[in-house]
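Down below is the structure, laid out as structure tokens.
Only heavy atoms go into these numbers, but all of them, side chains included; no hydrogens, no water, no symmetry mates.
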Amino acid sequence: MNEETHREKNGEKPLTDTGDGTGAPATAPEGPAVPESATTPEAPSFPEGPRPSFVRRLLRSRTARAVTAAALAGALVGAGAVAWRTDTLPLLGPAPCWDSLSDGSMKSLFGDRRTEVEEQSLRSDPMAEALTYGQCRITSFDGDRARRQVTLNVRRLDGLRGTDSRSWPSEFLSSAMVSLGDGLPGMASSSRAWIALPQACTGRSEFTGPTVVDIGMGRAGFEVSSEYTLRDRGDLTAAVVDAANGVIKEFGCTGTYQEPRTLPAPVKWDDTKASAFCGIEGLTLPQAYREELRQVRVGGEGGPARVCEAGTSSREASVRLTTVVDPALTEIFSWDALRSGESVSGTGNQGYGKIGGNRAVFKAICQTGPVMLVVEQLRPAGKGSRFTFARDLLPDYVAAEAERIGCGPQKLRPSAS
């Protein structure tokens, strides 16, 4: 479990804040993260380079690592070519996960245990309109017993068909997440973290979300204590930044992200304030839901998305309210805002959305760009175990949030059919 991690810091990693809100990484000495070609591709192109040596190609292969471990360890141990324990032998050849994870990240996540790496090449799926790139999974062992597993994904989030509008947000846009800050376009918790790659490197089309690197460890939302939350969240953040920099290089772009100097304090559950539900002045929780929605937690303040979850206790959220202010990230909810439920419009046609059974979505057109407002009911709430929360709360939520973020006034009305 989390108690098995042994944290190690390899020195301070200062961060440069770009401050432009575009999600571009802090520039390396050679310049900002841009493709090496003259034009920005719709999907990353993979640069050709010198063919790696036989040993490096052998070590890059997850099959070779698994099948020939004993032979290689015996033959190359003198040269330190096979590092089966992260604290024993230097690693010759690519680092784990697209030559990205530093020794410090591996040590922090897995301590001195033996690790096995299963790594996919970063490729777009020709049958999935370039939405898939690759996965890397690392498992640590104590003898023959698996003790910890971390999974990294590189993927372009879908907005056109809505395939990433539910499962990905439930894990990576939860109230446990905090903003990475320092100009980094991402979020982190003790079990999940993600960061968006610069669009100058990856390209992006309409109805397509950002290309992200995300990392998961254990069950989403699992929390033990503030001590473990701070430690595990820091470890995942360092690893996802490492991985993003490796992917940027693999995609043939230049520039790097820097690890954030500090992260906000862990987000805690608190008693619900009905007159300012989710900490939003002017948003009143309807009386019918007050008995069950007694606890509330708000995460992601100041980041790509602000997320509020409420429930009977901290163990189980019944509703979720999400305000997405990152323009690219809003696209993952585009399908829901256009095609799932009763249509609504905003003041002066400055927005549109849909109200469904357990989810209502509204896209506000603001001076700073599009903002997506999402109300979800995850479990029955209210008298008679009703699924009416999204319908009941969306109009007031949109009005209050639009005022809070400077995008008002907004008043919803049914759209003309």
Side-chain angles (χ1 to χ4, degrees), residues 2-3 5-28 33 100-111 150 152 171-198 210 212-218 220-246 248 255-270 279 297-309 323-326 329:
N2 295 340
E3 293 82 350
T5 305
H6 304 283
R7 186 154 178 80
E8 174 184 270
K9 290 293 186 180
N10 290 334
E12 181 181 2
K13 292 185 179 180
L15 179 138
T16 302
D17 187 351
T18 60
D20 58 5
T22 62
T27 56
S100 69
L101 295 187
S102 66
D103 291 341
S105 288
M106 291 293 291
K107 180 75 173 180
S108 295
L109 286 169
F110 304 108
V150 168
L152 280 152
E171 292 190 37
F172 295 96
L173 296 181
S174 77
S175 66
M177 310 291 284
V178 298
S179 169
L180 296 182
D182 290 327
L184 292 172
M187 305 174 76
S189 71
S190 60
S191 63
R192 298 291 186 271
W194 65 273
I195 190 168
L197 299 178
V212 300
V213 179
D214 61 54
I215 186 170
M217 180 173 67
F222 180 75
E223 299 171 6
V224 177
S225 67
S226 294
E227 178 186 355
Y228 290 128
T229 293
L230 286 169
R231 186 189 63 190
D232 293 340
R233 194 180 63 176
D235 294 344
L236 292 178
T237 297
V240 81
V241 171
D242 275 354
N245 289 334
I248 288 171
T256 58
Y257 288 128
Q258 300 297 315
E259 187 179 340
R261 292 182 291 263
T262 59
L263 292 172
V267 188
K268 297 182 179 180
W269 288 85
D270 202 355
R297 180 172 66 175
V298 180
E301 295 276 13
R306 182 184 191 269
V307 186
C308 171
E309 293 176 331
T323 301
V324 183
V325 297
D326 179 88
L329 193 60

Atom of [X], atom of [Y] and distance for their closest heavy-atom approach:
X      : Y      : result
Val213 : Ala244 : CG2-CA, 4.0 Å
Leu263 : Thr237 : CD1-OG1, 3.5 Å
Pro185 : Pro304 : C-CG, 4.3 Å
Ser179 : Pro264 : O-CD, 3.4 Å
Gly303 : Val325 : O-CG2, 3.4 Å
Leu236 : Met217 : CD2-CB, 4.2 Å

Name all residues meeting the side chain to side chain donor-acceptor pair (under 3.5 Å) criterion together with [X]; count only those two or more places apart in sequence or in a different chain, and write none if there are none.
X      : value
Arg297 : Ser175, Glu223
Ser100 : none
Ser191 : none

Subject >> All side chain to side chain contact (heavy atoms under 4.5 Å, CB included) counterparts of Pro266, not counting sequence neighbours >> reply: Thr229, Leu230, Arg233
To the nearest 0.5 Å, tell me how far [X] [atom1] sits from [Y] [atom2].
X      : Y      : atom1 : atom2 : answer
Ile195 : Ile215 : CD1   : CD1   : 12.0 Å
Arg192 : Leu173 : CZ    : CG    : 12.5 Å
Leu101 : Phe110 : CG    : CZ    : 8.0 Å
Thr323 : Glu301 : OG1   : CD    : 9.5 Å
Ser102 : Lys107 : OG    : NZ    : 12.5 Å
Thr256 : Asp242 : OG1   : CG    : 10.5 Å

Original post:
So, the side chain of Trp194 versus the backbone of Val212: is there a donor-acceptor pair under 3.5 Å, distance only?
Top reply: no
